Amino acid sequence: MPPGTPDPEPRRGRPRSAAAERAILDAVIALLEAGEPLAGLSIERIARTAGVGKATIYRRWSDKEELFVDVVRDMEPDDPPVSGTEGLADLRVMLESLRTRGLAQRSSALLHNIFAQMKSHPKLWNEYHGTVIAPRRLAMVEAVRRAVAAGELRDDLDVELIDDLFVGPMLVRTVHRPDAPLPDDLADRIITALLQGLAPAARV
């Protein structure tokens, strides 16, 4: 700054504290691990456990449901980076992410219990669906569109149907069949089976 220039006016409000956010998320996890149900947790209890004031929580989350969604996201594997320009390659990355989330839920009794409770709380489940599941599905549909545009997939089928055909088998394995194997090559096997088709090879 040129000499004599007055210092800029300080920013109003307190900066977001990564340490405070971490303490709040950890407090919710600790309470859930201790057996507290989602419905029984209050902002007051969470604040007291985290060693912060209620205002600190409300500066970051508008309500309890929004906070819980971030807690679940924090416990899940991170969303994988995708190119945003590839079709089948990006789709494979996202299918693999579904597989690893399924493994994470199977290996964590707490995460499994949280999802079971979320589904019995419509507001919380709708918040999770709108901010987590819907964006992931949109990203997969966009990858299907790129694959169609690149000539990797048929262009005479509805992209939503194509997406369901890819995602469906992975969801069956991870959600509806918790005892089904989730091998490392499952995403590749799903993609290969769909690309080759299910009809038997023509006999010569």
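What you see is a predicted model; the values in this text were computed from it and never measured.
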### Message
For the CG atom on D185, are there more than 12 heavy atoms of other groups (residues, nucleotides or ligands in this structure) within a distance under 6.0 Å?
### Response
yes
Restricting to non-hydrogen atoms, name the atom on [X] and the atom on [Y] that form the minimum distance, rounded to 0.1 Å.
| X | Y | answer |
| --- | --- | --- |
| A20 | S17 | N-OG, 3.0 Å |
| T49 | A27 | CG2-CB, 3.8 Å |
| R189 | P183 | NH1-CG, 3.4 Å |
| S62 | E66 | OG-OE1, 3.0 Å |
| F68 | I46 | CE2-CD1, 4.2 Å |
| S97 | P80 | OG-CD, 3.3 Å |

Salt bridge present between [X] and [Y] (N-O < 4.0 angstrom):
| X | Y | value |
| --- | --- | --- |
| R22 | D74 | yes |
| R136 | E76 | yes |
| R137 | D164 | yes |

Side-chain donor/acceptor of [X] to backbone N/O of [Y], under 3.5 Å:
| X | Y | result |
| --- | --- | --- |
| R92 | D188 | no |
| S107 | A104 | yes |
| R60 | T56 | yes |

Heavy-atom check, side chain of [X] versus side chain of [Y], under 4.5 Å:
| X | Y | answer |
| --- | --- | --- |
| L194 | L153 | no |
| L91 | V82 | no |
| T174 | R101 | no |
| M75 | I114 | yes |

### Query
Does the side chain to side chain contact (heavy atoms under 4.5 Å, CB included) test come out yes or no for V69 and R73, once each step is laid out?
CA-CA 6 Å; V69 167; R73 296 178 78 168; 3.9 Å; yes
#### Entry: side chain to side chain donor-acceptor pair (under 3.5 Å) against N113, all qualifying residues, sequence neighbours excluded
none
### Message
Please enumerate all residues that pass side chain to side chain donor-acceptor pair (under 3.5 Å) together with D63, with sequence neighbours excluded.
### Response
none
Is it possible for you to say whether [X] and [Y] belong to one hydrophobic cluster, with membership spreading through side-chain heavy-atom contacts below 4.5 Å?
| X | Y | value |
| --- | --- | --- |
| L138 | V93 | no |
| V148 | L157 | yes |
| Y128 | V167 | no |
| V72 | V175 | no |
| L98 | I133 | no |

### Message
Considering only residues two or more places apart or on different chains, which pairs with a residue in residues 46-57 satisfy salt bridge (Lys or Arg N to Asp or Glu O under 4.0 Å)?
### Response
E44-K54
Could you give the distance from [atom1] ([X]) to [atom2] ([Y]), rounded to the nearest 0.5 Å?
| X | Y | atom1 | atom2 | result |
| --- | --- | --- | --- | --- |
| L67 | L25 | CG | CG | 6.5 Å |
| I43 | Y58 | CD1 | OH | 4.5 Å |
| M170 | L182 | CE | CG | 7.5 Å |
| L110 | H112 | CG | NE2 | 11.0 Å |
| E65 | T131 | CD | OG1 | 11.5 Å |
| H121 | E127 | NE2 | CD | 14.5 Å |

#### Entry: Check against side chain to side chain contact (heavy atoms under 4.5 Å, CB included), E160 and V144
CA-CA 8 Å; E160 297 273 352; V144 170; over 6 Å; no
### Task
Return the set of residues passing side chain to side chain contact (heavy atoms under 4.5 Å, CB included) with R177 (not counting sequence neighbours), or none when no residue passes.
V172, R173, D179, A180
### Summary
By side chain to side chain contact (heavy atoms under 4.5 Å, CB included), E86 pairs with (sequence neighbours left out) S83, A89, D90
### Summary
For E36, the salt bridge (Lys or Arg N to Asp or Glu O under 4.0 Å) test, sequence neighbours excluded, returns R45
